[in-house]
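Okay, so here's the structure we're looking at.
Quick note on labels: first sequence line is chain A, next is B, and so on, each numbered from 1.
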Amino acid sequence: MFALNWLPLQPLISIKPVDFNMLGIQQSIQKSLQEGLQHLFSIDAQEIVLQETKKEFEGTFTFVVFPFTKQAAKAPAQIAQLLGEYMLAHNTKIKAFQVVQGFLNLSLQDSVWVEILVGINQDAQPFALANKNEKVLIEYSSPNTNKPLHLGHLRNNFLGFSVSQILDAAGYEVVKTNLVNDRGIHICKSMLAYQLFGNGETPESSGLKGDHLVGKYYVAFDKAYKVEIETLVKQGIDPEEAKKQAPILLKAQEMLLAWEQNEPSVIALWEQMNTWVFDGFAKSYAQMGVSFDKIYRESNTYLLGKKLVDEGIAQGVFFRKDDGSVWIDLSAEGLDEKLVLRRDGTSVYITQDMGTAQLKYEDFGAKRSVYVVGNEQDYHFEVLFHILKKLNKSFSEGNYHLSYGMVDLPSGKMKSREGTVVDADDLMAEMVNTAQSRTMELGKIDGFSAEESNALFNQLGLGALKYFLLKVDPKKRMLFNPEESIDFQGNTGPFIQYTHARICSMTRKAASMGIDMRISIGKSYELAVTEQELIYLLGDYKSKIQEAADQFAPSVIAQYTYDLAKQFNKFYNELSILNEENEDSRNIRLNLASLTGETIKASLSLLGIVAPERM
RNA sequence: GGUUCCGUAGCUCAGUUGGAUAGAGCAACUGCCUUCUAAGCAGUAGGUCUUUGGUUCGAAUCCAAACGGAAUCACCA
């Protein structure tokens with residue numbers, strides 16, 4: 001096993017790895033090519049790049065010879081031909097070669113494929129990389145306690161959870177944290193509206209989930225606020241001024257002050273509403289299937305960071321202006337001056353984030369930290385990371401902002417105050433309903449208990465939703481059209497889940513038939529191209545984990561899993577498995593199917609998706 | 001205006017450490033269930049990879065400019 005670091009995999013002998021389990025084979029081929037170039041053309045090639053052969057051509061690996069035409073002083077096709085002959089003569093893994101223009105396509109011996117398959121079978125840990133003995137903190141979710149979760153939070157939570165799973169599989173020790181924004185003027189707005197219009201309503205009395213109840217009053221505040229602004233404007237007050245003077249806003253500001261001074265009645269209301277919201281969030285998280293090792297609350301952390309400001313001033317990193325406010329000059333980094341402490345000595349956003357970073361380091365001692373936060377905060381995190389570096393913090397080098405794009409609706413951006421949001425709970429429920437009706441239509445739940453069917457509907461509905469949100473490159477903004485339901489066919493979660501269930505069905509049957517699916521080592525098998533391609537993908541799994549971990553990109557795993565399921569279904573359609581008469585072929589195909597099922601299950605779990613055994 | 005990100009089929013997205021005829025899914029159309037789950041498979045059709053210029057044997061990919069979209073540039077969080 002290779003020592004893997006945080007940085008992209010460093011090639012051992014200036015060779016580009018395409019694959020993990022096949023790395024040895026590749027290196028052997030690259031070495032032969034290097035020798036061939038030396039022997040035939042006296043070319044000392046520093047770097048041998050192998051790529052996957054395109055589907056429409058025969059072969060597994062392709063070597064491009066164009067770059068060597070000048071040095072070899074021969075036509076590309078001729079170089080490829082000579083190299084191919086050399087390879088065939090000098091490397092026993094090569095079965096055949098084909099030359100297309102300047103491309104040398106190499107095919108592997110069947111025994112090599114069997115060797116790979118046996119290797120995976122014998123791997124004690126086929127679905128995870130070796131322990132890296134390194135801790136990584138990941139912060140995600142970060143909800144506000146004044147409103148329920150929406151579609152954007154779903155992307156955040158699924159991303160955060162999936163990246164945690166991926167890093168865990170890549171051998172890191174992962175600590176999942178959630179920093180809840182439970183204080184501030186926006187929280188006071190919903191508190192105030194509740195006080196004014198709530199009439200003592202509770203989740204129990206209203207039948208509303210706690211977070212939805214609180215969210216209702218956040219909207220109510222905004223409505224009342226707008227009415228007041230309008231009234232003021234009619235009285236001839238300037239609109240901008242009216243926004244500042246609306247009585248209800250002033251009252252909310254008063255409330256924030258009272259909260260900061262720990263006024264018992266305000267604190268009691270705040271705690272009451274917080275309890276409701278947290279209770280609601282807990283239900284949403286359970287339905288999403290995400291979890292946290294530690295939840296931090298801003299009400300506990302917002303005063304942190306001032307000590308770091310003092311440290312920074314002492315170190316000369318920060319400077320104090322005449323009015324007493326404290327700043328950092330980041331113009332050398334291409335940024336501006338940034339405030340880190342107000343003139344009245346209170347913290348700002350960045351101050352508390354500095355403090356929280358320190359606190360998390362004290363709690364867990366992790367030098368790596370991933371923040372899953374929307375891309376509207378790119379600038380903020382750039383500044384934060386610069387500051388931590390300048391403060392010379394030991395945990396300052398391993399910070400990464402996993403910045404993801406917004407989820408847009410066809411009508412544009414979601415705005416919670418204007419009610420144009422897709423609610424997370426509603427959407428999940430709708431997906432589960434759709435899964436239910438789809439499944440019923442297909443008549444797939446014969447012999448299921450009510451409990452089993454409900455579990456399946458949940459797995460499929462959430463699977464479709466998670467896959468939909470995770471298959472897209474995180475940094476891109478994406479479009480969600482509520483009018484068009486999320487598909488259950490094609491490049492979707494349920495398609496992959498279906499493939500898994502199909503395989504399970506087959507292995508159950510094989511077990512009842514008493515078939516031994518072990519591969520006899522030393523026996524020679526003839527393999528179809530479909531089988532080779534499937535083995536290639538299976539052998540690629542670990543390198544995909546590494547790739548996804550390096551890039552913090554669940555989309556890499558999603559794409560891989562889809563390709564694997566697609567390839568399996570092709571294989572399944574083309575070749576008989578249980579009905580195959582040749583016992584050796586039957587056994588190796590069954591082995592291949594079973595391994596595919598396990599790999600699908602493992603990779604779906606990296607996306608937080610459950611792989612049902614029947615559907 | 002400065003900075004950053006994005007622009008690929010009608011729609012949603014892959015592909016971007018330079019390589020062959022740019023790939024999937026959805027939607028449309030055609031086949032395949034008296035043999036292992038048809039939520040499947042095979043196929044048809046759909047592209048000036050926003051535009052222009054450059055780098056080179058070779059560019060969706062690298063560079064420059066333009067156009068279009070988004071985010072951000074608060075003593076808010």
Ranking B:A14, B:U37, B:U72 by distance to the side chain of A:Ala501, first place goes to B:U37
Testing B:U37, B:U16, B:C41 for proximity to the side chain of A:Arg614, the answer is B:U37
Of B:C13, B:A14, B:A20, the nucleotide closest to the side chain of A:Gln559 is B:A14
Taking B:A39, B:A77, B:C36 as options, the one with an atom nearest any side-chain atom of A:Leu578 is B:C36
*Does A:Lys444 make a side-chain N or O approach to OP1 or OP2 of B:A39 shorter than 4.0 Å?*
yes
(request) Using a 4.0 Å heavy-atom cut-off across all strands, classify A:Thr499 as base, sugar-phosphate, or nothing. (result) nothing
Looking only at B:A20, B:A14, B:C75, the nucleotide nearest the A:Phe103 side chain is B:A20
chi for B:C33 classified (syn = within 90 degrees of 0, anti otherwise) as syn
Separation of B:G23 atom P from A:Lys566 atom NZ, nearest Å, is 15 Å
* Asked: Under 3.5 Å, is there a donor-acceptor pair linking the side chains of A:His380 and A:Asp353?
  -> yes
Please confirm whether any donor atom in the side chain of A:Asn491 sits under 3.5 Å from an acceptor in the base of B:C26, or the reverse. no
From CG of A:Leu335 across to C1' of B:A74 the rounded distance in Å is 16 Å
Side-chain N or O of A:Lys471 closer than 4.0 Å to phosphate OP1/OP2 of B:A14:
no
A:Glu298 atom CD is separated from B:A77 atom P, nearest whole Å, by 9 Å
Under 4.0 Å, heavy atoms only, any strand: does A:Tyr349 hit a base, just the sugar-phosphate, or nothing?
base
* Do A:Thr62 and B:A20 share a donor-acceptor pair, side chain to base, under 3.5 Å? -> yes
>> What verdict does the salt bridge (Lys or Arg N to Asp or Glu O under 4.0 Å) test give for A:Asp323 and A:Lys321, after you've listed the backbone C-alpha separation in whole Å, the side-chain angles of each residue and the deciding distance to 0.1 Å?
In response: CA-CA 5 Å; A:Asp323 65 1; A:Lys321 287 197 177 173; over 6 Å; no
query: So what does A:Asp473 touch, heavy atoms closer than 4.0 Å: a base, only the sugar-phosphate, or nothing?
result: sugar-phosphate
ask   = Is the distance from OP1 or OP2 of B:G7 to the nearest side-chain N or O of A:Arg477 less than 4.0 Å?
value = no
With the side chain defined as heavy atoms from C-beta on, A:Phe66 is closest, among B:C73, B:G19, B:C26, to B:G19
Considering every strand and a 4.0 Å limit on heavy-atom distances, what is the contact class for A:Met615: base, sugar-phosphate, or nothing?
base
To the nearest angstrom, the CD1-C1' distance between A:Ile496 and B:U37 comes to 17 Å
Open item on the list: Does A:Leu575 reach a base, just sugar-phosphate, or nothing at all? Heavy atoms under 4.0 Å.
Closed with: base
Please state whether the phosphate of B:U21, meaning OP1 or OP2, lies under 4.0 angstrom from any side-chain nitrogen or oxygen of A:Lys55.
no
Answer with base, sugar-phosphate or nothing: what part of the nucleic acid does A:Val64 contact at a heavy-atom distance below 4.0 Å?
base
Within the structure shown, what part of the strands sits under 4.0 Å from A:Ser505 by heavy-atom distance: base, sugar-phosphate, or nothing?
base
Margin query: Less than 6.0 angstrom from the centroid, inside 45 degrees of the normal: does A:Arg589 satisfy that with respect to the ring of A:Phe571?
Written below: no
**Request:** Using the P atom on both, measure B:G40 against B:C5 and round to a whole Å.
**Result:** 38 Å
### Query
Between A:Gln497 and A:Gln459, is there a donor-acceptor pair closer than 3.5 Å when you use the side chain of the first and the backbone of the second?
yes
Original post:
Could you go step by step and tell me if A:Lys243 and A:Glu240 meet the salt bridge (Lys or Arg N to Asp or Glu O under 4.0 Å) rule?
Top reply: CA-CA 5 Å; A:Lys243 279 183 193 168; A:Glu240 283 310 308; 3.7 Å; yes
Per atom distances to the A:Ser325 side chain, the nearest of B:G25, B:C75, B:A38 is B:C75
Of B:A71, B:A39, B:A20, the nucleotide closest to the side chain of A:Pro494 is B:A39
(request) Answer yes or no: side-chain N or O of A:Thr439 and base N or O of B:A39 forming a donor-acceptor pair under 3.5 Å. (result) yes
| request: Quick one: label A:Gln352 by what it contacts on the DNA or RNA (base, sugar-phosphate, nothing), any heavy atom closer than 4.0 Å. | output: sugar-phosphate
For A:Cys504 and A:Glu613 the tightest heavy-atom approach is CB-O, 3.4 Å
With the side chain defined as heavy atoms from C-beta on, A:Asn375 is closest, among B:G19, B:A71, B:A39, to B:A71
The answer to which of A:Leu104 and A:Met506 contacts RNA chain B further toward the 5' end, by nearest nucleotide, is A:Leu104
Please say whether the positively charged group of A:Arg155, taken as NZ for Lys or CZ for Arg, lies over the ring of A:Tyr404, i.e. under 6.0 angstrom from the six-membered ring centre and within 45 degrees of the axis. no
Should the side chain of A:Asp563 and the base of B:A14 be counted as holding a donor-acceptor pair, with the cut-off at 3.5 Å? no
Rounded to whole Å, CG of A:Asp378 lies from P of B:U3 at a distance of 16 Å
Practice item. Answer with yes or no whether the side chains of A:Thr53 and A:Thr62 bring together a donor and an acceptor at under 3.5 Å. Key: yes
Side-chain contact check for A:Asn105: nearest option of B:C13, B:A20, B:A77 is B:A20
_On the nucleotide B:C76, are OP1 or OP2 found under 4.0 Å from the side-chain N or O atoms that A:Arg342 carries?_
yes
Margin query: On the nucleotide B:C41, are OP1 or OP2 found under 4.0 Å from the side-chain N or O atoms that A:Lys570 carries?
Written below: no
